[in-house]
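All figures in this text were calculated on a predicted structure; none of them were measured in a lab.
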Amino acid sequence: MDISTFLAQCLNAVQYGLLLFLVASGLTLIFGIMGVINLAHGSFYMIGAYLAFGLAPFFGDQFLLQLLAGILLAAVFGFILEWLFFSYLYQRNHLQQVLMTYSLILVFEEARSLLVGNEVHGVKAPEWLSGSVQLGDLMSYPVYSLFASAACLMVAIGLYFVVNRTRLGMMVRAGASNRDMVRGLGINIKLLYRIVFAAGVALAALAGMIAAPMSSVYPGMGGQVLIICFVVVVIGGIGSISGALIASLLVGFVDTFGKVFFAQLSGLSVYVLMALILIWRPEGLKSKGY
């Protein structure tokens, strides 16, 4: 493997890891902070990808505005969904949470089939991101992939700042530790959780919108992402944003280079990584802090 190929694979690993982080960070907010096992989280990623497909004709080459519109629509959808369904799950046992969220997967898949059909769709990258950067004499790297990595990194930094440096983040962390105490201090914990859930849905949808031009938009795409995101959350430590970031990058590198060097066993590499880390640290990489 020459240096340009190695660099391209490193960029692929970082891009994949950061994209995973967007989805997994939303899952760790909902799962780790709110205590809800949300099997429907992968569907929010799928909804984001289909939003990119559906909004593209209206925005043309205004891709940033398209992303902003998709984030707002996903956040409003998450806010309403939490009010209608998830607000009743906080005091329920995990079996009821699993049954409710699995039923939502079926509803979302059927709604997707009725609205856009079961065909595979493509989303074109904006013209201003359609070029490539030379990595060597014979290899180039897509500008859009670099944009995707930069966008995900900016969101990761912003999310870490909000959770750790703002009053809202302080309330979220306090609500995760002791919701009754937070309620006793006069904070509307129901509204707080609704905001957290909406943010989790928006993050997953944003990941789907960013990923859409790099891959096809197809039925069932959320299920594949959900499994690997649970792996990321477990490796990073349940409820830890920084742990999810570290775990996402680890998974990205292990998966990418596993496919390069051990193609026949690449499907096992991520799960072997999870097993080794849990043997070493059963609570995950970041058991404390956010």
Side-chain angles (χ1 to χ4, degrees), residues 11-12 14-27 29 40-82 107-133 140-159 162 194-195 197-222 224-226 229:
L11 290 173
N12 286 333
V14 170
Q15 179 253 306
Y16 177 53
L18 290 173
L19 200 61
L20 265 182
F21 169 74
L22 278 193
V23 191
S25 60
L27 182 61
L29 283 173
H41 194 74
S43 296
F44 304 145
Y45 173 82
M46 178 192 71
I47 289 171
Y50 276 95
L51 274 175
F53 170 71
L55 293 175
F58 299 98
F59 288 89
D61 217 36
Q62 301 296 320
F63 187 63
L64 296 180
L65 288 178
Q66 179 183 330
L67 289 180
L68 180 60
I71 291 171
L72 292 175
L73 288 173
V76 171
F77 175 70
F79 195 89
I80 295 173
L81 194 67
E82 195 278 343
V107 172
F108 292 145
E109 285 293 336
E110 188 62 27
R112 186 263 318 144
S113 179
L114 292 173
L115 292 173
V116 296
N118 296 315
E119 297 82 9
V120 177
H121 301 283
V123 178
K124 186 180 179 181
E127 190 67 29
W128 55 282
L129 292 173
S130 60
S132 59
V133 176
S140 60
Y141 196 78
V143 171
Y144 184 82
S145 295
L146 295 176
F147 164 79
S149 298
C152 293
L153 185 59
M154 289 177 62
V155 173
I157 293 172
L159 182 61
V162 169
R194 205 155 289 163
I195 292 172
F197 188 87
V201 173
L203 287 169
L206 175 61
M209 295 184 71
I210 291 175
M214 295 185 292
S215 62
S216 300
V217 180
Y218 55 91
M221 62 186 300
Q224 299 177 0
V225 171
L226 177 67
C229 283

Query - Results of ring-ring contact (aromatic ring centres under 6.0 Å, His included) for Phe59 - residues two or more places apart only - result: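 For Phe59 there are no ring-ring contact (aromatic ring centres under 6.0 Å, His included) partners, ignoring immediate neighbours.
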
Using residues 65-76 as the side-chain source, report each donor-acceptor pair under 3.5 Å to any protein atom, sequence neighbours left out, with the distance given to one decimal.
residue: Gln66; atom: NE2; partner: Ala52; partner atom: O; Å: 3.1

Identify the two heavy atoms, one from [X] and one from [Y], that lie closest to each other, and give their separation to 0.1 Å.
| X | Y | value |
| --- | --- | --- |
| His41 | Gly200 | CE1-O, 3.6 Å |
| Ser216 | Met221 | O-CE, 4.0 Å |
| Phe108 | Ser43 | CD1-CB, 3.5 Å |
| Ser149 | Val14 | OG-C, 4.5 Å |
| Ala204 | Phe44 | CB-CB, 3.8 Å |
| Ser145 | Gln15 | O-CG, 3.9 Å |

Rounded to the nearest 0.5 Å, how far apart are [atom1] of [X] and [atom2] of [Y]?
| X | Y | atom1 | atom2 | answer |
| --- | --- | --- | --- | --- |
| Asp61 | Trp128 | CG | CH2 | 8.0 Å |
| Tyr50 | Tyr45 | OH | OH | 11.5 Å |
| Ile47 | Met209 | CD1 | CE | 12.5 Å |
| Glu109 | Asn118 | CD | CG | 8.5 Å |
| Leu203 | Leu27 | CG | CG | 11.0 Å |

Query - Worked check of side chain to side chain contact (heavy atoms under 4.5 Å, CB included) between Phe21 and Leu153 - result: CA-CA 9 Å; Phe21 169 74; Leu153 185 59; over 6 Å; no

Requested in this report: Taking Ser113 for its side chain and Glu110 for its backbone only, find out whether a donor-acceptor pair lies under 3.5 Å.
Outcome: no

Within the structure provided, determine whether [X] and [Y] are in side-chain contact (heavy-atom separation under 4.5 Å).
| X | Y | result |
| --- | --- | --- |
| Tyr16 | Cys152 | no |
| Ser25 | Leu159 | yes |
| Cys229 | Leu20 | yes |
| Val217 | Val116 | no |

Query raised in the report: According to the interplanar angle, ranging from 0 to 90°, do the rings of Phe147 and Tyr144 count as parallel (below 30°), tilted (30 to 60°) or perpendicular (above 60°)?
Result: tilted

Requested in this report: Check step by step if side chain to side chain contact (heavy atoms under 4.5 Å, CB included) holds for Phe63 and Leu55.
Outcome: CA-CA 10 Å; Phe63 187 63; Leu55 293 175; over 6 Å; no

